[in-house]
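Shown next, in structure tokens, is the structure this report addresses.
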Protein chains: 2
Amino acid sequence: MIVEADPTAHAPVSERIYLALRQEIMRCEIVPGTTLDAASIASTYEVSKTPVRDAMQRLAADGLVTILPRSGYRVAPITFQAVHDILDMRAAIGPHAARQAARYATPAEIALLRQIVREYAAPMDIGTMQQVARRFHLAIARCSRNKRVVALSETLFDELERLLRFAIDFTVKAGEHSDEHTALVDAIAAGDGERAAAIEFAHIKHSREFLIERLMTLGYLSASEIQLGGTTRSPAE
Amino acid sequence: MIVEADPTAHAPVSERIYLALRQEIMRCEIVPGTTLDAASIASTYEVSKTPVRDAMQRLAADGLVTILPRSGYRVAPITFQAVHDILDMRAAIGPHAARQAARYATPAEIALLRQIVREYAAPMDIGTMQQVARRFHLAIARCSRNKRVVALSETLFDELERLLRFAIDFTVKAGEHSDEHTALVDAIAAGDGERAAAIEFAHIKHSREFLIERLMTLGYLSASEIQLGGTTRSPAE
DNA sequence: ATTTTGCAACTGATGCATCACATAGAGAAA
DNA sequence: TTTCTCTATGTGATGCATCAGTTGCAAAAT
């Protein structure tokens, strides 16, 4: 029997479609609010509609697309409500993760955190800084010993990255958050959960205000409930 | 083919299957750790395997079933890790929701909360008390003005209810938490977010300790990572 | 006569069913 | 114990029915 060494043998096709679509949506290569065509996606990736359907179910569970029954799949538009919800959810999860990390973190994990913090010293663009920040906060989440917190943090960071890509061109120079992060790791290392939670809360509050202000100055957010990338906004092509 | 006047005609079949399976899993009518047979489920509900697959994808996204590729669907076993994660997640979300509720709650919403608290006065079994508590905390979550918090709280309550059904026979007499709830509503009404968050945190901590102790005394949880309803435990038939 | 409104038919896509295949896991045999 | 086979089950492909959105025509009102 001929068994070829297929690297994708253990990965279902639906997984491939899911990851591909997820990446496209995350990077805003698909304009928020666009209605997707399952058949064309299937033909593009040279698969049938079935794995596309599975991928859509998963994307809908992630909140990245909304399924309109018998009508179509629509990538989630960026609304003021969504921005508020994501940042507010981070404000709930982040401090709690920091607090738990102060309880459970091992010396090895603390060392990892310090190593990530040191990476902030090097100059970098905001894109890689976002990646470093992601790794930093996810490392803290892992210290919380709660898999759900880790998973939720991952999706929140993904969606936050999507917001940033949509709203901000990556030429903005990176701010200096290294001090905040050092203080946070110190609090975790000292086992001071309340201080760690407070620092994380303030950190998220700062980034929240930064992002909101940035969005408003760019004109993407006006008074209250302006919908971004929805039907009221045509693709800027 | 005879097409009868189906009242659920406008609801997708996969939705029906999803809700049915979800309810069965929640009520522990399906023993945790059981491997599901998609074909038999399809024949039971007189549908094909396709909507069953969609339902499985959604249930997997909810964390209620784990998909073993090319092998089977397994309803999530109840592990110590799962219990910890759910209760810890509640400890993260609940106080935050209470804090935000103190900021945003309208007089009408506070009146609703007080009405729900009054329902605690009547004697009730632990099952209906759980339902009242669910409505109470979800009402607070809705005051937070964060749809994600509401959705997450719903799933957490669902899974918590599943744990309770699994571990506790419902003859346990209801505790008296009415005073705690009254104090919580008062704090929200007064706009004291920190006090509301502290009360909610303590409340969740109490219920967490109660549930953990209950599980351990019943022998479901031993030292640390005993898996409930998994492969190590055969269905009690 | 023109415009507007309402209905009906058409088109296109989604969702479900059926079929085909590959794989994992169990069981038997060596 | 190891390996091979067989069965059962998930996974992907395809065809078809159903439904939503649209367009065009007709009729009525101005």
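A, B, ... follow the sequence lines: proteins, then strands. Residue 1 opens every chain.
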* Asked: Are A:R90 and A:F157 in a cation-pi setup, meaning NZ or CZ lies under 6.0 angstrom from the ring centre and within 45 degrees of the ring axis?
  -> yes

* Structure fact -> note: A:R58, atom CZ; D:dT11, atom P; distance rounded to Å ~ 11 Å

* **side chain to side chain donor-acceptor pair (under 3.5 Å) against A:E24, all qualifying residues, sequence neighbours excluded** => A:Y45

* **Atom-to-atom span, OH of B:Y45 to C1' of C:dC16 - whole angstrom** => 18 Å

* **Nearest-angstrom distance from the residue atom CZ of B:R74 to P of C:dA24** => 16 Å

* Does the side chain of B:D54 come within less than 4.5 Å of A:D54's, by heavy atoms? -> yes

* To do: Evaluate side chain to side chain contact (heavy atoms under 4.5 Å, CB included) for B:R135 paired with B:E119, printing each intermediate quantity in order.
  => CA-CA 11 Å; B:R135 283 199 293 131; B:E119 296 184 22; 2.5 Å; yes

* Do the non-hydrogen side-chain atoms of B:M89 and B:D85 ever get within less than 4.5 Å of each other? -> no

* Asked: Once the angle between the rings of B:H137 and B:H203 is folded into 0 to 90°, is it parallel (under 30°), tilted (30 to 60°) or perpendicular (over 60°)?
  -> parallel

* Any chance the side chains of B:Y18 and B:D62 put a donor and an acceptor closer than 3.5 Å? -> yes

* Would you indicate, yes or no, if D:dG12 has its OP1 or OP2 atom less than 4.0 angstrom from a side-chain nitrogen or oxygen of A:T50? => no

* Asked: With distance as the sole criterion, is a donor-acceptor pair present between the side chains of A:H96 and B:D88 under 3.5 Å?
  -> yes

Report each atom pair, protein N/O against N/O of nucleotides 13-15 of chain C, whose distance is under 3.5 angstrom.
unit_1 : atom_1 : unit_2 : atom_2 : d
C:dT14 : OP1    : A:L36  : O      : 3.4
C:dT14 : OP1    : A:A38  : N      : 3.2
C:dT14 : O2     : A:R70  : NH1    : 3.1
C:dG15 : OP2    : A:Y73  : OH     : 2.4
C:dG15 : O4'    : A:R70  : NH1    : 3.4
C:dG15 : O6     : A:K49  : NZ     : 2.7

* To the nearest angstrom, how far is B:Q57 atom CD from C:dC16 atom P? -> 14 Å

* Determine to 10° how strongly the helix from C:dA1-D:dT30 to C:dA30-D:dT1 is bent, judged from the axes of its five-pair ends. => 10°

